[in-house]
Amino acid sequence: MPLTIYNSLSRKKEIFKPLNEGRVLMYVCGPTVYDYPHIGHAKSYISFDVIVRYFRYLNYTVRYVQNITDVGHLLDSGEDRILKGAKREKLEPMELVERYTWAYFDAMDALNVVRPDISPRATGHVPEQVAFVRELIRKGYAYEMNGSVYFDVTRWESYGKLSGRKVEDQQAGARVDVNEEKRNPADFALWKKAEPEHVMQWDSPWGRGYPGWHIECSAMSMKYLGTTFDIHGGGIENQFPHHECEIAQSEALTGKPFANYWMHNNMVLVNGVKMSKSLGNFTTISDALQKYSGEQIRFFILQTHYRSPVDFSDDAMDAASQGLDRLLSNYWNLKSLLQQAPEGEANPRTEELTSLFREKFEEQMNDDFNTPAAIAQVFEYFRRVNKFITSENAVSRSSIQSLIQPLDDYLDRVLGIVPYKKPQDISAGPFIDLLISVRNELRRKKEWQLSDFIRDKLIEQNIELEDGKEETKWRVRQK
RNA sequence: GGCGGCGUAGCCAAGUGGCUAAGGCGGAGGUCUGCAAAACCUCUAUUCAUCGGUUCGAUUCCGAUCGCCGCCUCCA
């Protein structure tokens with residue numbers, strides 16, 4: 001199956017055809033950095049991370065751009081989110097932005113999310129946005145009113161093509177009061193006039209002001225990816241109005257298609273309702289990391305399709321963590337078998353097993369990045385591999401090596417769920433080994449009481465012992 | 001009111017016009033073990049919200065009903 005992507009624009013799965021052979025130009029809406037990132041952000045950026053990783057695994061050269069919104073994103077009250085945060089924490093706006101930009105990157109690093117190739121900031125691209133707005137006015141798609149500039153949706157007839165809505169069907173003022181300056185309530189702001197007390201403001205042909213929210217994504221994506229690029233991603237809640245506005249203003253400007261494929265990821269829910277800042281029902285990523293590893297959070301997210309919502313709860317996280325631990329222990333076991341396996345030719349059965357696995361895993365990934373189905377194939381593969389290994393007398397090192405290869409590719413490179421450090425890599429390691437050898441001496445002498453005592457005390461420190469035939473292994477319990 | 005989506009086992013979650021409806025968690029049994037734990041192996045939905053329709057055949061397509069969610073200028 002060729003790589004297929006569900007395109008929100010056509011509402012169908014389409015075969016992916018990049019603009020340039022072997023290249024992917026991709027833009028994903030980034031966070032507004034005025035507070036700590038939560039599990040909702042994790043789902044979005046982990047999903048797109050796996051998509052980027054999979055493209056790279058398929059040998060595409062990817063340019064991945066993800067913006068940082070640090071101005072212009074208004075609340076219902078009309079207040080800028082950044083300014084509100086700055087007031088709350090008594091900081092300079094840019095101080096606030098720095099704090100939460102780093103918090104965001106720290107969280108993403110902990111979740112094994114590969115950094116975007118470019119993380120452009122809205123405040124760093126004000127001249128580009130001003131030029132964009134000027135050109136839209138010149139072409140007659142936008143108008144100035146009292147120092148603000150609005151996009152005239154009636155001049156752009158395909159407005160609504162992404163979200164499938166008609167301007168006249170919308171309830172004007174359903175949520176936000178109708179702005180009397182606009183010719184049509186559906187018109188959206190490209191540039192906003194700043195009152196003197198508004199801290200963040202720039203010079204423009206229309207006086208002092210600041211850019212509207214939608215314009216930054218258009219200006220920055222086109223700057224780094226060109227007038228038309230391959231993929232634009234973002235949260236489904238931004239499909240309308242944000243992405244709709246991006247398309248309108250961009251295509252009005254260039255007369256060319258903006259993004260060829262639109263991808264929308266779904267939400268994280270808590271007890272069935274959206275996790276969001278405004279509802280206050282969010283768990284920050286750093287809080288979640290107190291309890292779970294980044295890989296466990298990734299695995300939890302990836303066990304649901306990116307276009308489906310997922311309900312976040314401790315029970316669901318525990319179940320996912322349990323599953324991942326089993327998966328990884330299969331993986332580490334295979335790696336440790338490598339140390340002791342005899343030399344020899346690769347068994348032809350290994351080739352059968354790996355090529356079947358590769359075919360099935362990639363078939364699922366090619367089907368609109370179906371990570372839950374792809375992960376199911378990993379479990380299937382381990383089942384077959386374990387059977388194969390126990391059915392053979394001795395499996396050669398080269399056989400084990402070839403069995404491991406697709407796992408390195410998929411678990412590590414594509415899904416990113418292999419911890420960088422094995423849990424075993426802790427500084428107490430030599431002491432634990434010492435305790436184990438003392439205990440094994442006791443066991444040899446059948447001093448069960450004392451040997452069990454050591455085992456129980458280690459468990460209290462989250463060190464689990466496992467008595468095998470020849471040696472005793474230990475592991476650090478997650479959580 | 002308009003637009004979009006969802007409802008699959010105790011829980012989470014893929015999927016399909018007919019072949020055994022993936023996989024994970026949990027549960028049951030077994031192997032291993034001094035006992036454990038872990039790991040491994042086996043089993044765990046005659047049925048896909050409800051009711052109609054189309055069809056030789058529907059969980060899948062169409063319609064209605066019920067329940068839930070997202071968006072309608074704040075959000076990943």
Side-chain angles (χ1 to χ4, degrees), chain A residues 8 11 28-32 37-45 47-48 73-79 81 160 163-176 178-179 185-189 212-214 233-242 244-245 264-269 272-279 282 299-300 303-305 307-311 313 315-316 318-327 329-330 333 360 364 367 370-380 382-383 386-387 389-390 443 446 448 451-452 455-456 459 464-469 473 475:
Chain A
S8 303
R11 295 175 188 79
V28 170
C29 287
T32 302
H38 58 67
I39 297 294
H41 298 95
K43 173 164 163 73
S44 180
Y45 299 121
S47 298
F48 286 113
H73 199 166
L74 305 186
L75 293 161
D76 277 359
S77 55
E79 203 172 359
R81 303 170 101 79
S163 53
R165 20 187 123 205
K166 297 185 179 73
V167 168
E168 55 271 27
D169 289 343
Q170 302 299 307
Q171 278 183 1
R175 266 198 43 254
V176 171
V178 174
N179 179 343
D187 290 353
F188 57 89
W213 173 36
H214 314 303
I236 196 167
E237 80 286 355
N238 277 336
Q239 189 171 23
F240 188 88
H242 184 53
E244 195 70 64
C245 296
H264 289 100
N265 71 278
N266 218 311
M267 323 292 305
V268 173
L269 310 178
V273 297
K274 175 169 85 162
M275 176 182 286
S276 72
K277 298 246 170 86
S278 42
L279 291 174
F282 59 91
F299 188 73
F300 164 73
Q303 271 200 307
T304 305
H305 189 91
R307 282 191 287 114
S308 302
V310 60
D311 215 306
S313 67
D315 281 354
D318 289 343
S321 302
Q322 208 57 40
L324 177 64
D325 288 353
R326 223 191 91 208
L327 204 73
S329 95
N330 272 275
N333 283 345
K360 297 212 164 201
Q364 297 304 154
D367 183 9
N370 192 338
T371 54
I375 286 169
Q377 289 306 322
V378 179
F379 282 100
E380 285 288 330
F382 277 123
R383 187 161 299 146
N386 287 330
K387 271 190 185 168
I389 288 173
T390 46
R443 289 176 68 218
K446 300 198 193 301
W448 308 127
S451 67
D452 287 355
R455 184 171 65 194
D456 293 345
I459 262 285
E464 260 177 336
L465 297 191
E466 185 182 323
D467 295 328
K469 260 197 181 120
K473 292 183 189 166
R475 71 175 72 220

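Proteins get letters first, then strands, A, B, ... in listed order; numbering begins at 1 in each.
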Flag, side chain of A/Ser451 to backbone of A/Trp448, donor-acceptor distance under 3.5 Å: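 Side chain of A/Ser451 to backbone of A/Trp448: a pair is present.
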Check: A/Ser163 main-chain N/O paired with A/Glu244 side-chain donor or acceptor under 3.5 Å: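 Indeed, once roles are kept as given, a pair shorter than 3.5 Å links the two residues.
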In this structure, how many angstroms lie between the [atom2] atom of [N] and the [atom1] atom of [X], rounded?
{"X": "A/Asn386", "N": "B/rG30", "atom1": "CG", "atom2": "C1'", "value": "16 Å"}
{"X": "A/Glu244", "N": "B/rC71", "atom1": "CD", "atom2": "P", "value": "16 Å"}
{"X": "A/Gln239", "N": "B/rC3", "atom1": "CD", "atom2": "P", "value": "15 Å"}

Rounded distance [0.5 Å steps], CZ in A/Phe382 versus CD in A/Glu380: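 Output value for this atom pair is 12.5 Å.
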Residue [X], side-chain atoms from C-beta onward, closest of [options]:
{"X": "A/Lys274", "options": "B/rC71, B/rA76, B/rA39", "value": "B/rC71"}
{"X": "A/Lys277", "options": "B/rA76, B/rG34, B/rC72", "value": "B/rA76"}
{"X": "A/Val268", "options": "B/rA76, B/rG23, B/rA14", "value": "B/rA76"}
{"X": "A/Gln322", "options": "B/rC69, B/rC25, B/rG34", "value": "B/rC25"}
{"X": "A/Asn333", "options": "B/rG34, B/rA39, B/rA76", "value": "B/rA39"}
{"X": "A/Phe240", "options": "B/rG70, B/rC71, B/rA14", "value": "B/rC71"}
{"X": "A/Asp452", "options": "B/rU42, B/rA76, B/rC35", "value": "B/rC35"}
{"X": "A/Gln303", "options": "B/rU42, B/rG34, B/rG23", "value": "B/rG23"}
{"X": "A/Ala186", "options": "B/rU73, B/rC69, B/rA14", "value": "B/rU73"}
{"X": "A/Ala319", "options": "B/rU73, B/rC25, B/rA13", "value": "B/rC25"}

Taking atom P in both B/rA64 and B/rA28, what distance in whole Å separates the two? 46 Å
Does any nucleotide pair with [N] by Watson-Crick or G-U wobble geometry, both distances under 3.5 Å, and what is it?
{"N": "B/rG26", "value": "B/rU44"}
{"N": "B/rG4", "value": "B/rC69"}
{"N": "B/rU20", "value": "none"}
{"N": "B/rG34", "value": "none"}

Does a side-chain N or O from [X] land closer than 4.0 Å to OP1 or OP2 of [N], or not?
{"X": "A/Lys387", "N": "B/rU42", "value": "yes"}
{"X": "A/Ser313", "N": "B/rC12", "value": "no"}
{"X": "A/Arg307", "N": "B/rC6", "value": "no"}
{"X": "A/Arg326", "N": "B/rG24", "value": "yes"}
{"X": "A/Asn330", "N": "B/rC40", "value": "yes"}

Under 3.5 Å donor-acceptor pair, A/Arg455 side-chain atoms to B/rA36 base atoms: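 Checked by distance alone, the answer is yes.
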Does any part of the side chain of A/Phe300, heavy atoms only, come nearer than 4.5 Å to the side chain of A/Val310, both counted from C-beta?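 When only atoms from C-beta onward are counted, A/Phe300 and A/Val310 do touch, with a gap below 4.5 Å.
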Does any non-hydrogen side-chain atom of A/His214 lie less than 4.5 Å from one of A/Pro241? yes
With centres under 5.5 Å and planes under 30°, do A/Phe379 and B/rG24 count as stacked?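 No.
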A/Met275 to A/Gly40 - nearest heavy-atom pair and separation: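 Scanning both residues, the minimum pair turns out to be SD-N, 3.7 Å.
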